[in-house]
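To find a chain, count down the sequence lines: A is the first, B the second, and so on, and within it residues start at 1.
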Amino acid sequence: MRAAKPRPSVPMPTPWMFPEPTEVTLDNGLRVWTFHLPGQHVLGVDVMFNISVNGEPREKEGVATLTLNCSDEGSQDHPGAQFNHLMEAQGASYGGDVTSFATVAGIQVSGSRLGAALPLLAEAVMQPAFAAEDVRRHVELRISQIERTFAQPGGAAAMAVRQAIHPASARLSRSVGGTRETVAGIEAADLADFRARHWRPDGATLIVGGDLPPQSLNAIEKAFAGWSSGAPPRSFEPSEPRAGRRIWVVDRPDSVQCEVRLARSIDASRNHPDWVGLQVASTAMGGAFGSRLNRVLREERGYTYGVHCQLAPLQDTAIFQVSAACRTEVAVPAVVEALALLELANDPLRPGEITDAISHIVGVAPLHFECADAIVQQAGTLAAVGLPISWINDYYPAVSQCTPEFANDAFQRHIQPDDLHVVMCGRAETLIPALESAGLRAEVMVPAH
Amino acid sequence: MLLDYPIVEEYTTNGLRVVLSPDPTSPAVAVNLWYRVGSADEPVGTKGFAHLFEHLMFQGSAGMAPSEHLALMQSLGGSANATTSFDRTNYFETVPPHALELALWAEADRLASLDVSQTNLDTQRQVVQEEKRQRYDNVPYGDQLRLMLELNFPEGHPYSVPTIGLDSDLEAAELDHVRSFHRDWYRPELATLVLAGQFEVEPTLALVEHYFGDIVPGEGARGQLVQADPLPPHRDVPMNHVFRDVPRAMVHLVWRTPPATHVDHPAVLIALAVLGAGQSSRLHLELVRTGLAEASGAHDFALTRGSSLGLMTARRGEAGELTQLDDLICAQISDLAANGPRDEELGRVWANTEREWLSHLSLVGNRSDTINEFTTLFNDPHLVNAWLQRVAAVTADDVTRVCDTWLHPDKRAILTYRPHAEADLSSSPGNVEEGRR
């Protein structure tokens, strides 16, 4: 065996900044952010709407998602399959996403074909046909998707988590894409109505990024000029009463493994003074391979292929979640050990763990934003929550300056292990008594879906 | 568009093949090492070992503590991982430019001096078994890959068992085997190192020589790749109809296609894309827009030893039946074989292939891995620039020909999944396997 060569030292990284867009607002109120990124031959173009799913009628939940899903099934100018023939003839791929606080619809396309693809994106956004038979088909597809998600142990666990961490009155306790019952009642007219009210240029942002051909902005203005202005109704996330701690088992008698989730909703998001400390501490706890939870539960104990800890920001709140899949016999020991590791009063995150977390978050940023689409997506998220691009260029320096004391304090202010809801999807017959012996009284539940 | 990623080729003094593709516009540099050993090279009784070994490469070497490698790369703002497939094992880091030397040092250190303890082996064996449960054993359709391979490749063929392997073989893995596997396969002359991203060529070549150039391969014979002859097409439509705890019925049609290095491979990809890629594809229009299927698709595994596996798939919709979906897919193939693709179909496939290819290569991690694939499997790193032309050169006649030669309906095999509840109603012919769980 060769002796080790001396480990090279690593110099200081060069500072990095998120690019600044050029901002223009069209006459109809549509804000346009343009990122010129030389060398990025595939462009991303996203239209971002600040749509909260709280604005959906209760009995039609899922209508925001179906509106997006059906928006490329033919336009008024190009009905039926014609629309996708034209889009795909340009090599453009249309897609989007609906979250609890935003809807995004967009394309990816080679720079040379942007001019031909933009009018098609505008058609999908401004005049989708919503033919009755296409909407019926998408209703079936969405119901199938719900059933297939429930059939996945991780999917069933996610459904149970939503119900555990939010009170039943909250929209967030149910899937953003609706339940089988609410989706089944949605018809073409519901989509047309929802789109007419919420897909409006005022308050929306179009973000384009990549190696932009000349006259790109003109082409955007031309494509979206016919979109009549009008502001969408604002809907607010009502503040939620705190739910008591839930310890739930979703029974899967044939499981050979158990999906484990520890989670809660946090009353803080990107603009909260504790946000930076929370993110640094969560990363040190379980956001990277070498972080505390994975080091112990995977690399020391061999309980799981991987354990992750995530703090996902929504509009004004965030969801803290630890997730892992473990073989049944070690699932409860893994929960007990994870809860102990999350108790920072006994064993605060050490300076070395905090330093590694900070250099990971800050150092990985330029790599994370390597391609145009990643920049467009991040800009879109900021647009959706009403933050300027400068937010992200303030965030990384703030992370760099986060101290171990601040990270530990912020984490403990918002996350107490005894308050974390516990969801396990696996063999109840084994899990319930094991939880009981560990002092955790669990109930079997079937997530509504 | 014409791509012109620079390609610089070199060997270290001990035979490590090196390919550099500098890109000053990139914020990062990707380090990508392919070792020419995959699960296809595992003897009977050791199925899953190549992948278990991949985990062990993170368990320490002369200068690196167990579990330190990934944590170190992430703490420098990089990412790192490894994957094992049938034909190779790859290890990669994408790091900020200032951490390139450390990444080279780390890769060289574990090639020169891997040092795994019994405890680390036992722990990683458990981790790999958890990975197997999470990805295959505890999810609907989790045995799909295994059943497809069983249907397409005869017992004992290098591709007949999934890379994740068999629990019994993983249980039997011992520390001695770890050492001999490293000695036989993890040798400079059986590896290819590709770098893509922001770096200077000359100083980087010097660094590579410094860290890798004096690694002496272990004593004994180096590993020999397991070869396989091309398999004849399927005859008499072999079938496997299974009942499982699944939410929807599915049908998979499987063909023995030419290996990825075969001259017909690009035309097979185009034929599959005309049939199954995108919402304007034939299968989407005939099966999905009509409500007979919820989803459809087509794919080739791009395997290299003798034969590959081509696949067309549909998930049954409200209005459909599996035999009907099979019939309709076959009718589309026959039509394509008889009349060829329309110009607008080829234009659509070409435009989408170009976008997907450019998008894929825009990340230096993908670019380095693609260059390594072309270097290792095709012996031509320049194909990263020429591949699109090779795809563009496929003619309508080529598509017609490969549909007949490789994808003819008579040459298919069939795998179907149905929910347990349908078991009593079934009168399907073929080998009906009872539910396993």
Side-chain angles (χ1 to χ4, degrees), chain A residues 1-5 7-8 10-14 16 38-42 81 84-85 88-93 108-110 112-113 137 140-141 144 147-148 151-153 254-257 288-290 295 298-300 302-305 325-327 356 359-360 362-364 366-367 370-372, chain B residues 1 25-28 61-63 67 70-71 74-79 94 96 98-99 101-102 105 109 112-113 115 122-124 126-127 130-131 133-134 137-140 211 215-216 245-248 278-280 285 289 291 294 317-318 344 347-348 351-352 354-355 358-359 362-364 437:
Chain A
M1 183 193 296
R2 191 182 81 173
K5 294 198 173 186
R7 186 181 288 203
V10 178
M12 287 299 288
T14 44
W16 171 88
Q40 293 290 319
H41 304 301
V42 178
N84 266 307
H85 277 306
E88 293 185 357
Q90 297 305 328
S93 105
Q108 290 194 43
V109 63
S110 302
S112 58
R113 298 171 186 268
R137 185 161 57 78
E140 294 302 328
L141 288 177
S144 166
E147 290 172 357
R148 285 181 290 115
Q152 296 276 351
D254 296 332
S255 289
V256 297
Q257 203 178 38
F289 184 85
R295 198 169 64 228
R298 171 178 152 139
E299 291 297 289
E300 290 176 19
Y303 284 170
T304 177
Y305 177 49
C326 308
R327 59 191 175 279
D356 280 355
S359 43
H360 174 60
V362 174
V364 88
L367 279 60
E370 188 184 351
C371 69
Chain B
M1 70 177 285
T25 70
S26 169
S61 48
S67 310
L70 272 170
Q74 291 188 336
S75 73
L76 293 164
S79 63
T94 300
H98 63 274
E101 184 175 357
L102 186 83
W105 167 85
D109 201 58
S113 63
D115 186 14
D122 291 340
T123 306
Q124 289 306 311
Q126 289 183 324
V127 168
E130 291 305 324
E131 180 180 357
R133 292 186 186 102
Q134 188 172 342
D137 302 344
N138 202 41
V139 290
Y211 286 111
I215 297 173
V216 182
D245 187 9
V246 293
R248 288 292 187 277
Q279 297 185 71
S280 305
L285 294 174
R289 272 198 77 85
E294 292 181 349
E318 287 269 300
E344 47 103 358
R348 163 181 70 81
N352 284 279
E354 183 190 51
R355 173 186 45 80
L358 295 177
S359 183
S362 71
L363 302 173
V364 287
R437 54 181 188 87

Taking every non-hydrogen atom, the tightest pair across A:A288 and B:Q74: CB-OE1, 2.9 Å
Residue A:V42 versus chain B: region with a heavy atom under 4.5 Å: side chain
Interface moiety of B:R248 toward chain A, non-hydrogen atoms closer than 4.5 Å: side chain
Greatest number of heavy atom pairs closer than 4.5 Å to chain B - which of A:K5, A:R7, A:R137: A:R7
Closest approach of A:E299 to B:S67 (non-hydrogen atoms, all atoms of both residues): OE1-OG, 2.5 Å
Distance-minimising heavy-atom pair for B:A62 and A:A3: CB-C, 4.3 Å
Distance-minimising heavy-atom pair for A:F289 and B:A71: CD2-N, 4.3 Å
Under 4.5 Å from a heavy atom of chain A, the part of B:L102 involved: both
Residues which pass side-chain hydrogen bond (donor to acceptor under 3.5 Å, both in side chains) with A:E140, listed by chain and number, not counting sequence neighbours: none
Portion of A:Q152 that has a non-hydrogen atom of chain B nearer than 4.5 angstrom: both
Pairs of heavy atoms under 4.5 Å with chain B: top-ranked of A:D356, A:N84, A:T14: A:N84
Heavy-atom contact with chain A under 4.5 Å, split by part of B:V364: both
Check against side chain to side chain contact (heavy atoms under 4.5 Å, CB included), B:L358 and A:Q108: CA-CA 11 Å; B:L358 295 177; A:Q108 290 194 43; over 6 Å; no
Chain B interface, residue from A:R327, A:H85, A:Q90 that has the most non-hydrogen pairs under 4.5 Å: A:R327
Heavy-atom proximity to chain A below 4.5 Å, by part of B:Q134: both
Chain B contact via A:A92 - side chain, backbone, both or neither, heavy atoms under 4.5 Å: backbone
Greatest number of heavy atom pairs closer than 4.5 Å to chain A - which of B:E344, B:Q126, B:Q279: B:Q279
Spatial distance of atom CZ (A:R298) from atom OG1 (B:T123) [nearest 0.5 Å]: 10.5 Å
Greatest number of heavy atom pairs closer than 4.5 Å to chain A - which of B:P247, B:S26, B:A99, B:S280: B:S280
Minimum-distance pair of heavy atoms, taken over all atoms of A:G302 and B:E130: O-CG, 4.3 Å
Step-by-step side chain to side chain contact (heavy atoms under 4.5 Å, CB included) determination, A:H41 to B:S362: CA-CA 8 Å; A:H41 304 301; B:S362 71; over 6 Å; no
pair A:W16-B:P96: side-chain heavy atoms closer than 4.5 Å: no
Test log, rule side chain to side chain contact (heavy atoms under 4.5 Å, CB included), inputs A:Q257 and B:D137: CA-CA 8 Å; A:Q257 203 178 38; B:D137 302 344; over 6 Å; no
Which residues share a side-chain hydrogen bond (donor to acceptor under 3.5 Å, both in side chains) with A:R148, sequence neighbours left out: A:S144
Residue pair B:V139 / A:P153, side-chain heavy-atom distance below 4.5 Å: yes
Chain B contact via A:R113 - which portion, at a heavy-atom distance below 4.5 Å: side chain
Most contacts with chain A, counted as non-hydrogen pairs under 4.5 angstrom, among B:Q124, B:R348, B:H98: B:H98
Most contacts with chain A, counted as non-hydrogen pairs under 4.5 angstrom, among B:R289, B:E101, B:E294, B:E354: B:R289
Choice from A:S112, A:P38, A:A89, A:A151 maximising heavy atom contacts with chain B below 4.5 Å: A:A151
Exercise: identify the closest heavy-atom pair between A:V364 and B:G78: CG2-O, 4.3 Å
